[in-house]
Amino acid sequence: MYADGDAEQQPIKSVVFIIAMQAEAAPLIAALGLKHDSPPRIPPPGPCVTYSGSHAGLDVHVVWSGHDNEHNVDLIGTVPASLATYLACQAFNPDLIISAGTAGGFKARGAAIGDVFVSTGKMHHDRRIPLPGFDKQGLGYVESTPTPQLRAALGLKAGIVTSGNSLDYTEQDMQIMNKHGAAVKEMEAAAIAWVAQMFRKPMFCVKAVTDIVDGDRATQEEFLENLNAAAAALQQTLPKVLQFVAGKTIAQL
Ligand code: ADE
């Protein structure tokens, strides 16, 4: 979509996955037999940890946003995600970026626990700036690289992915998500999309649903209950995505 014209006509050779949580990345790394990059391809103080290998003839890199040493948890959210994407573009110059992970899904848009969605667009739902121009910049809508054939071949649902830096949401967040038809809510995609656009890299999301945003269960409870199952669904899907992408151009997705 926003790759240079020439690049869009070339077969895709390298793919970078940007993933926030180790629990989301680990099954994929194991399934693809990727190796921890040592010496690091993204040197300190960059917090990201990278794994590389090949699959279906593609160079594949998984970039995990990293570990917060102070709080002993994963570095989730938009700030580490944009840093990871910037450093990954510099280190790997990929032909395609995929934001992969778990997310909340909207039952109003047909989401159920364990479903895997592909993005049609990404935006922020928690940046409210009611000033001329800044309003749209805050929302930061970025169209996804179109993937009609990939979605049809793999039977994946599709929709708008919105990002915010909270697992819960405010009433205003919900108004924005509803107004823009959010199908999926998570914490990184819009930031990754912003940096991908900066580097003119094609990008879309693949997100597995752990919880229902417009349901009646507490998000954190549902999230923890379904994290492993959703990570497994993701791990089933992502190698198939690579298989589909291999040998194709961006325009053929
Ligand atoms: N990750 C998984 N579920 C989520 C939700 N409901 N909101 C934000 N990030 C999520």
Side-chain angles (χ1 to χ4, degrees), residues 17-28 63-68 71 73-82 84-85 98-119 121-128 138-141 144 156-194 204-238:
F17 291 98
I18 308 284
I19 302 184
M21 297 183 76
Q22 201 169 20
E24 296 166 332
L28 177 66
V63 178
W64 164 42
S65 295
H67 189 74
D68 180 330
H71 304 101
V73 289
D74 296 306
L75 284 165
I76 64 177
T78 57
V79 173
S82 60
T85 310
I98 299 177
S99 162
T102 58
F106 283 77
K107 67 173 191 260
R109 308 259 122 59
I113 305 287
D115 277 352
V116 179
F117 273 75
V118 178
S119 62
K122 296 88 40 176
M123 61 180 283
H124 296 271
H125 60 245
D126 65 350
R127 303 201 312 185
R128 299 176 300 278
L139 294 172
Y141 181 82
S144 285
L156 302 174
K157 295 183 178 177
I160 304 279
V161 175
T162 75
S163 310
N165 278 297
S166 298
L167 189 64
D168 67 2
Y169 55 84
T170 66
E171 229 171 85
Q172 289 143 308
D173 292 342
M174 185 52 103
Q175 275 168 15
I176 291 174
M177 290 188 281
N178 279 331
K179 181 171 172 196
H180 296 275
V184 169
K185 168 182 179 285
E186 49 77 92
M187 299 177 68
E188 287 87 19
I192 296 168
W194 179 63
F204 59 84
C205 309
V206 180
K207 300 280 168 176
V209 173
T210 49
D211 53 273
I212 298 301
V213 184
D214 51 349
D216 44 23
R217 301 254 339 254
T219 303
Q220 59 271 37
E221 217 178 86
E222 224 180 0
F223 171 75
L224 290 173
E225 204 173 289
N226 296 314
L227 176 59
N228 288 338
L234 199 62
Q235 183 258 296
Q236 292 285 313
T237 304
L238 294 177

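As a basis for the values below, the full set of heavy atoms in this structure was taken, side chains included, without hydrogen atoms, waters or symmetry mates. When a ligand or atom number is given, it counts from 1 through the structure's own listing order.
Contact atoms of ligand 1 toward M187: 8 (C), 9 (N) (distance under 4.0 Å to a heavy atom of the residue). Residue contact check: T210 has heavy atoms under 4.0 Å from atoms 2 (C), 3 (N) of ligand 1. Ligand-side atoms of ligand 1 in range of L167: 4 (C), 5 (C), 6 (N), 7 (N), 8 (C), 9 (N), 10 (C), range being under 4.0 angstrom from any heavy atom. Within ligand 1, the atoms closer than 4.0 Å to a non-hydrogen atom of T219 are 6 (N), numbered from 1 in the order shown.
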Quick one, K122 with S144, criterion side-chain hydrogen bond (donor to acceptor under 3.5 Å, both in side chains). Give me CA distance, side-chain angles, the key distance, then yes/no.
CA-CA 7 Å; K122 296 88 40 176; S144 285; 3.0 Å; yes
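For atom 4 (C) of ligand 1, the nearest protein heavy atom (residue, atom name, distance) is G104 N, 3.4 Å. Of all protein heavy atoms, the one lying nearest to atom 6 (N) of ligand 1 is D211 OD2, 2.8 Å.
Of the possible polar contacts, one joining the D214 side chain to the K107 backbone as a donor-acceptor pair under 3.5 Å is found. For the pair T85 (side chain) and I192 (backbone), a donor-acceptor distance under 3.5 Å is absent. Not a single donor-acceptor pair under 3.5 Å links the side chain of K185 to the backbone N or O of V213. Panel note: side chain T162, backbone H124; no donor-acceptor pair is recorded below 3.5 Å.
In this structure R128 satisfies the salt bridge (charged side-chain N to carboxylate O under 4.0 Å, His left out) test together with D173, sequence neighbours excluded.
The option from M21, H125, K185, E24 that lies nearest to atom 8 (C) of ligand 1, judged by heavy atoms, is K185.
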